[in-house]
2 protein chains.
Amino acid sequence: MCELLGMSANVPTDIVFSFTGLMQRGGRTGPHRDGWGIAFYEGRGVRLFQDPAASADSEVARLVQRYPIKSELVIGHIRHANVGRICLANTHPFVRELWGRNWCFAHNGQLADFQPPAGFYRPVGDTDSERAFCDLLNRVRQAFPEPVEAQALLPILVAACNEYRARGVFNCLLGNGEWLFSFCSTKLAQITRRAPFGPARLKDAELTVDFQAETTPDDVVTVLATEPLTANETWIAHRPGEWTLWRLGECIARGEA
Amino acid sequence: MCELLGMSANVPTDIVFSFTGLMQRGGRTGPHRDGWGIAFYEGRGVRLFQDPAASADSEVARLVQRYPIKSELVIGHIRHANVGRICLANTHPFVRELWGRNWCFAHNGQLADFQPPAGFYRPVGDTDSERAFCDLLNRVRQAFPEPVEAQALLPILVAACNEYRARGVFNCLLGNGEWLFSFCSTKLAQITRRAPFGPARLKDAELTVDFQAETTPDDVVTVLATEPLTANETWIAHRPGEWTLWRLGECIARGEA
């Protein structure tokens, strides 16, 4: 199994605090030694940092922690390989261009006997996760060759995720720079931070951040993770089958499959 | 105008020496202040480091110089913007998946009134370069929905590049992890290093590397760049219209459009 991290915010926000906690699970407080990756949207562009090495030992991870990149939408992942070798091509998040936008995807879980029909998007590596991402985009593209709003996509996304989870475990995050979609098959939790901000203490590292000092009163920042990352805040657990859609830190749609 | 850097090698090779020279041109010895990027293939995966900031001042560039990533195929670029704003989405190299492989592209030059027909691949940013890359992939995909060898692609690649250069300047590098293709419209130079290796001295920084100490006798490493990067070696200049195809450091095809 793996760990997922997502962030949606209404101002460019530093994810270093949450990332630091997550990275500890890559070989120090958790068993996820098989690579990690994080994608930061910056306008329509996306920065992708990845390493097949354990995140707790990764030089690139140290750079990301030292170099605060601010973003309104982030998707991160640390991997405990079950399907697919340990190599860069099998490291989440995966990115593809659709409609002139960068779409980004990360998955926690595994799918049994999953061989979707070949389509336009094809996996580069050999994980079930990337196969699911390509299949998802092939479905979207087939239904909507031209861009549509996120709300119009939801029936396709939710139906696909629901099919995938019938084959195993499928917790996922999907974003395209405008919005962040999540699907919970077994575990996912959320927290939305807004004024009045308080201190937050990481569960996985000795680190506390006073968000009051780092934010303005209008900031809204939502973090999604497979497991709560902080010890002194109340995270909301998602139910199996629950999906959410976020834009600028706010939930704009949610439901259950 | 911009600067291009390409490498094809028969063993995973450290590009830091050439990269260090190139980076100086991003605001120190050259005027290319508008971002830089470098893509390293690692198996079928690709690592992409990019920054819209001037390379000579870039924190991410310092990481790349400190952290020797070895690769058999590299494409790098530093940008002097002429078409398109300075932002991450407009920063080369550009990457797209085709046939389950990561294709990577960088361009030096500019194209006038270039609005290719909309196809499957669409630009995320607003550069003429990314439009050309998408058009190139759309042509390849239309001709060959299923994978073919590089040699079968050459007529399409060369014809497209020749069309593009009729609209301005089109020096480019294109790779897919297996091979590296170049097209020279106005300037491109190559050097192939093999035993007996000697020292090389960068033109743009006070740095000399003794390749003898860094290599084995079987290593073959070709570097392509818009301008020669070293002062004490003989680079071969490409003629306008000349194209080349490289695999594992060796030229496997070349010709003139």
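Heavy-atom basis, side chains included; hydrogens, waters and symmetry copies ignored. As the structure is a computational prediction, the values presented were derived from the model and not from experiment. Below, chain A is the first sequence line, B the second, and so on; all start at residue 1.
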Heavy-atom pair with the smallest gap, counting every atom of B/Gly45 and A/Ala89: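 Looking at all heavy atoms of both residues, the shortest contact is N-CB, 3.7 Å.
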
Closest non-hydrogen atom pair between A/Leu88 and B/Glu42, with its separation: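 Shortest heavy-atom contact: CD2-CB, 3.7 Å.
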
Contact listing (chain B partner; residues 131-142 of chain A; heavy atom under 4.5 Å):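 So far as heavy atoms go, A/Arg141 are the residues that approach chain B to under 4.5 Å.
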
Top contributor to chain B interface from A/Arg44, A/Glu130, A/Arg101 [non-hydrogen pairs under 4.5 Å]: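 The answer is A/Arg44.
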
If you count heavy-atom pairs under 4.5 Å between each of A/Gly125, A/Gly100, A/Ala118 and chain B, which one has the most?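 The candidate making the most pairs under 4.5 Å is A/Gly100.
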
Mind checking whether A/Leu48 and B/Arg47 have side chains closer than 4.5 Å, heavy atoms only?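 When only atoms from C-beta onward are counted, B/Arg47 and A/Leu48 do not touch, as no gap falls below 4.5 Å.
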
State, with a plain yes or no, whether a side-chain heavy atom of B/Pro123 is found less than 4.5 Å away from one of A/Glu97.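 Answer no - side chains too far apart.
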
Check whether [X] gets within reach of chain A through its side chain, its backbone, both or neither, counting any heavy atom under 4.5 Å.
{"X": "B/Val46", "answer": "backbone"}
{"X": "B/Asp51", "answer": "both"}
{"X": "B/Tyr121", "answer": "both"}

Where does the angle between the aromatic ring planes of B/Phe120 and A/Phe120 fall among parallel (under 30°), tilted (30 to 60°) and perpendicular (over 60°)?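 The arrangement is parallel - the two ring planes meet at less than 30°.
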
